[in-house]
Structures are given as C-alpha cells and as structure tokens.
There are 2 protein chains.
Amino acid sequence: MKTAKTVASLKTVASLAGVSIATVSRVLNGDPVVKDETRLAVQRAIKTSGYHPNRVAQRLRSTNRSKKLIGLLIPDIQNPFYVDVIRGIEEYAYANGSAVVIGNFSQDPKREKLYIDILRSESVDGFIVAPSHGKDEDVEELINDGHAVVCIDRGLSNLNVDVVKSDNEKGAFNAVAHLIKLGHKRIAHITGDPAIPTTQERIAGYIAAHKHYGLRVDQKIIKGKESNFISGVEITKQLLALPERPTAIFTANNLLTLGALETILQQELKIPEEIAIVGFDDVYWATSLNPPLTAVRQHGFEIGQRAIELLYQRIQQPDRLPANVIVKTELMIRRSCGFK
Amino acid sequence: MKTAKTVASLKTVASLAGVSIATVSRVLNGDPVVKDETRLAVQRAIKTSGYHPNRVAQRLRSTNRSKKLIGLLIPDIQNPFYVDVIRGIEEYAYANGSAVVIGNFSQDPKREKLYIDILRSESVDGFIVAPSHGKDEDVEELINDGHAVVCIDRGLSNLNVDVVKSDNEKGAFNAVAHLIKLGHKRIAHITGDPAIPTTQERIAGYIAAHKHYGLRVDQKIIKGKESNFISGVEITKQLLALPERPTAIFTANNLLTLGALETILQQELKIPEEIAIVGFDDVYWATSLNPPLTAVRQHGFEIGQRAIELLYQRIQQPDRLPANVIVKTELMIRRSCGFK
DNA sequence: ATTAGTTGTGAAAACGTTTACATAAATCCA
DNA sequence: TGGATTTATGTAAACGTTTTCACAACTAAT
C-alpha cells in the first residue's frame, strides 16, 4: 500500500524538542533571541524529524519572503534565444533558493492572460515577461495592481517599466554594415512580425546602415509577415524570384534564417557566392552549418540575469525608478557572407 | 505611490453578496445545493469584486485538487528534445488549468536534489522527472514518500515506476540498417555518456543491426565519453584520423551530431560522398542543414503528453500498477547518407 | 526587599481556503 | 397540527506558517 507519509511540520518538531512552534519558527528564521541550548535542541529535532518548511504555508502567511517564487512568461520556448534567457534567470534563482514557474504562451495573448491569472493566484513574488505586444493590457494591469514586473525583449508603450533588451538597432546596423563593406549593394531584409517592437528596431538599423554608407534603400526588398519559419520560406522564395535578385539577405531572427536557408538549399544556390546571408540571433548550431553562419549574437543569458536582478531589486524597493537596460549584441563573423 | 491593491478574497465576495464565505466557496466549486437566487447574487459579487481564488490557500487546505501544480525536472533545457517534451506537458497542463514549475538541473545531481526539495515544499501535486542516472536515490525517496512521479526518457533501476520513453534500440537499429542497406560496411557509432541507460540501448540497436545483416561489429569504432558537443568533436576527430576510416557515422544525440558536423566541415570532407552521417534526435533545423540531415526522430511532444496523462492518473489512483510506455521513433531520411 | 528592566518562551491570531457539522426554514406526511 | 424529513445556509475548525503580544523568570538597580 502506498500512502503519503505525513510530513513533519512545525508541530512535530516542536513536540519533539519540547518547545512551542513559535520557538521552532524563530530558530528556523535565525532569530538571535533564542537560548543556545534550546536552539540546539530544536536543530536536533529538525534533523531527526526530517523537517522541511512548507513554502505554501509560508507564502500564505507572510509578505516578507526570502525564498521567492518567480513567474516567467515566455512567448516561445522553442526559440533558443528565450532558452538562453531562461537559463540566465534560472541560474540566478537557483543560487538564491528561489523557484521559477514557467508559462510558455506561444505568442497567444489569450494563453498569456490565463498564465498571468494562474501565476497571480499562485502569489508569485514577481514576474518576468516578454509581453506579447507593445500594448499589453494584461501586463499593464499586473503592474497597476502593484506587482513586481520586469519586461524582457520588449517594453510597454503606455507604462514606464523595467526593461532588459538587446541593442537591436545597433545589432542590425552592424550586420548590414558588414555586408556593405564586403561589397554587397543589394541587400534584402526579411523582417519579423511588424507588430513587434524589435522588428521595427531591426528595420531601423538596416536603414541606418544604408544611409551611413550612402546606399539607396529599396523598400521592396524589406519584407516580412510573421516571425516564423514558414514566413522565412515564403519571403525568401519571393526575393529569389525577383528579376533583380539581391546578393545578400539579412534575416531578422533565427527561425526566418532557417526558412531562408532551406529555400536557398532547395534552389541549389551557393552560399555565399550566389547569395550571402546574415541572421539575427546566433544559435549554438550556427557553426555546424555549411557554411557556418554569420549572425548577430544576442546575449540571452545575460539578459535573463539582468532581468532577475532587476526583479529582486524591484521587489525590495517597489518605488525605485524603472530601469532600461540595453545589452550589447555581437556580430559573429563566419563564412556565410563570403570574404572580401 | 505604488501599493499592492488588497485583492478580493472569499470574505470580500461574501459580504458583497450578503452570504457566508462557505456559500461563496460552494458556488465556486459548483455545489448544486445552493439556491439559484443566491448563486446568481454570488456570481455577480464575484464579477464586480474581480475575485480570483488564491491557489496558495487552496493548496494549503485541500488534498483534493483539481487545479494542479506540476513539478518538472529537466536535465538540460538546451536540448531541443526536452523542449519538445516540455511543450507536450505544458500543452496538456494549459488545457486543464494546471501550472508547471520547471527546474532545469543541467545534469547536476546536487542541483536536482535542491529542486526536488523546493518542489516538494511547494507541495506540487506530482512530478515529472528525467532522473539524472539510473540509481537516483532522490527520486526513489520521492516515490517512497508517496508522491506521484512519472519518469521520462529513463527509468529507475531499483523501483517500478511509470516510465515514458522512446524505443531507443529500435530507433538505432533502423538508422544503422538504413546505412547498411545503402552499402556502408564500416559504420562508426559515437555514443553518449555510457552511464546513461539510453546510451546502452542505442548501442544495443547498433549492434543488433550489424548482427541482423551479418556484418562484423568493430568495437574500436564504438566510442563515446559524454553526451555533449565537445565529446562529438573529439571523437569525430579520432575516427577521421583512423587508417581505415569509417564511411559512415551514427551519432547518439543531437549535440554529438553537431560536434561531428562541425569537425567534418572543418576537414572539408563531403557529406555524404566521403562520410555519411545519421543522427539520433531529429531537430527542427535538420532540414536547413547542407545537406539535410537523416535523423532518428523522437516524438518528444507525445512523450510529454503521455507522461502528464500518466501523472494525472497516478494522482487519482496512487496504487495503479506502474505503466511502461514506449513511444516509437521514426527515421527521417534526408540526404546526409547519400542515395543508393 | 521592592521595583524596573531584560531575556526567553508560549499562546493565539492571522493568511484564504475547504469542509464537517449544526441549525433554521421550508416541505411533507399522517 | 405536529413530528419527520428535506433544503439551504451558516459556524467553526483545520491546513502550516509568521508574528504580535503577554508573561514568567531572571537580573539589576534602588
């Protein structure tokens, strides 16, 4: 027969040590007031009973928490960028005895809302969110209700909030500048979902690079619909069918890059001789591609770390002015753009 | 000034509706005993007060939970296979109003233990675990203490427990058989960490295929140290340096595959003409590789789904006999092995 | 020897639920 | 009409903590 052992509680420990539960609680929380003798007795009782504090009861009772529970809302767990972010957050949480609840809402605002509700009623101590869009009312409400919230990857247009994100414009600028310096004159840009702020920033970087190097911008080869693989395939097809075909493509994220690569491969075009490519998002398999992919590296791990640091701060002083952390990107130059 | 609004509780709703908290609770839980009139009044009060049940209090009080909290222990969140598993679990959880707490322990048993402790004291309703090794005492203890546990990817040697995993041996068999049928006679196998059960099963499949087709097994070209990228690089180098070089490599997971690919690329060997490759783990970027990768597909999403289904069952009837679910694999034939 | 202060501990309330039990009101049947 | 039954609701305990307050036992000061 399998029955759940009744786990040791404060009461168990208290009677074992011959003290009240209050005293046990004091020992657990390191209250210096308890006599050394009692402390030892209690500690012994804790050991022998195998007591572990019940975090649920702790969370219900106290507002002043050291072992935190963090809610994390991720738009797409399949995207390796977010996986890096998660790892950064999780590393820090682990080091501080905190736990992380992850909700992966797959870019679906309805699902995002459900998760917010769940996490709220789990009374998590704070949220880290990549809002599904710039005007995300559910996240706004969360903040207005006094919850600690840090945004990653994208901010909120209506509200001043802690944000940690990449320097998207600069990253795009560098990528395109690299192509221009290699002699490319006709560079297409496959953008992500135009509704997402990062998309716009990357477009801005693309244009800025053209301006900076005195190259004309052709709006017809800046195209994008959604931020996924399919969209990458479709738009690459359109671009490759153009009478005046671009010599290079700059893709706005790793899924678009994959779509582009697959299409180029199918049409048996040589990279970089016939078409060069540089992508936003460096991924761990970029060096195993043939040829290895030149890519804009976002420091996802660091973004995650900064986000949770900010969140801890925000929990401690809710009135601190919102911070805006911009994390640098890095252009990883490999062979997919060719050499000069 | 930013102060947390005091959220509505049963008490708020009760006084608003002019009933007792017990009645409100009954309405919330769909108890048919309440009069329609009162039910309506209460529902109105719930609406206007914006009440959401506090899951922490619910969890503290009752043992009979419908909205579950599931603890998920993942060895390596960077591995896309586990990401698929997570998605499967999470999809089901979402559909049932449950939440998932993820702990990513990065193959570190100490970290695994910490997470188990945390999740335990968060009183999660059940655990889904990929044990860090076959004799995982922490997981065993969990089960012995009466918790609901389902293992994925690997079982427990000492204990009979619900397990969901791929048919590793068959998958490996098919991959190697495919190579043999294409005419390869000297096929190397880069294995994962020999301590992990799946590694052994895949080796068994490799050998079985050789036996089945009357091919001699050369133990010298079955090599492996760890299950990571570095190991893939190292062992591929050794294999390629062999006087009698293999014509094909079968890699035991996606990270090893990447290591192998990078090495082959660096040595400028042509795939599949000079060296063919087939990998365990199909990944979403396999079709964008040049050439596209032939791979054994594990149905991670389904594995996740089956696991959480089993977990729900186990929670409801703790004494049910442990199930052992084997999920089929599928060989995705692409161009990295060449054509006949 | 009395008072004042200090030190260590316990009793009890509170957090927001669920639920066993009690009870008031309404209905039934003889 | 009156007792038994049913129906709907309320009261209060319990879950495992934290925390306020009270208090007993000392110690120190007069």
Side-chain angles (χ1 to χ4, degrees), chain A residues 4-42 45-46 49-69 117-118 120-125, chain B residues 4-43 45-46 49-69 118 120-125:
Chain A
K5 266 189 210 163
T6 48
V7 296
S9 70
L10 279 192
K11 230 197 285 184
T12 327
V13 178
S15 69
L16 207 66
V19 297
S20 75
I21 60 166
T23 300
V24 180
S25 174
R26 279 189 274 258
V27 170
L28 285 166
N29 296 303
D31 191 330
V33 83
V34 293
K35 226 199 307 184
D36 285 358
E37 193 189 324
T38 2
R39 183 191 315 283
L40 286 173
V42 169
I46 290 175
S49 66
Y51 169 81
H52 285 282
N54 180 326
R55 290 165 82 112
V56 176
Q58 290 180 323
R59 178 149 339 100
L60 179 61
R61 176 55 224 250
S62 80
T63 41
N64 183 31
R65 297 163 199 160
S66 53
K67 311 296 193 75
K68 301 188 182 19
L69 183 64
D117 282 351
I118 290 183
R120 221 192 237 258
S121 65
E122 290 290 352
S123 18
V124 300
D125 303 289
Chain B
K5 266 188 210 165
T6 48
V7 295
S9 71
L10 279 192
K11 230 197 286 183
T12 326
V13 178
S15 69
L16 208 65
V19 297
S20 76
I21 60 167
T23 301
V24 180
S25 175
R26 280 189 272 259
V27 171
L28 285 166
N29 295 303
D31 189 330
V33 82
V34 294
K35 226 199 309 185
D36 286 359
E37 192 190 324
T38 7
R39 182 190 316 284
L40 286 174
V42 169
Q43 281 167 341
I46 289 175
S49 65
Y51 169 80
H52 285 282
N54 181 326
R55 291 166 79 110
V56 175
Q58 290 180 323
R59 180 153 332 103
L60 179 60
R61 176 53 224 249
S62 79
T63 40
N64 182 29
R65 298 164 198 160
S66 53
K67 311 294 194 74
K68 301 189 180 20
L69 183 65
I118 290 183
R120 221 192 238 258
S121 66
E122 290 289 351
S123 13
V124 299
D125 302 289

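A, B, ... follow the sequence lines: proteins, then strands. Residue 1 opens every chain.
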Base-contact (B) and sugar-phosphate-only (S) positions in nucleotides 9-22 of chain D, heavy-atom cut-off under 4.0 Å, - elsewhere: BBB-BBBBBBB---
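Look at B:R59 and A:E122 and you find a salt bridge, because one of the NZ, NE, NH1 or NH2 atoms lies within 4.0 Å of a carboxylate O, short of that distance.
Each of A:V34, A:L28, A:V19 was evaluated against A:V42; a single residue qualifies, A:V19, per the side-chain contact (heavy atoms from CB on, under 4.5 Å) test.
Residue A:L60 holds its CG atom at 7.5 Å from OG of A:S123, rounded to the nearest 0.5 Å. Atom CG of A:N54 and atom CZ of B:R120 lie 12.0 Å apart (nearest 0.5 Å). The CZ atom of B:R55 sits 4.5 Å away from atom CD1 of A:I118, with the distance rounded to the nearest 0.5 Å.
Between the CG atom of B:D36 and the C1' atom of D:dT7 there is a distance of 13 Å, given to the nearest Å.
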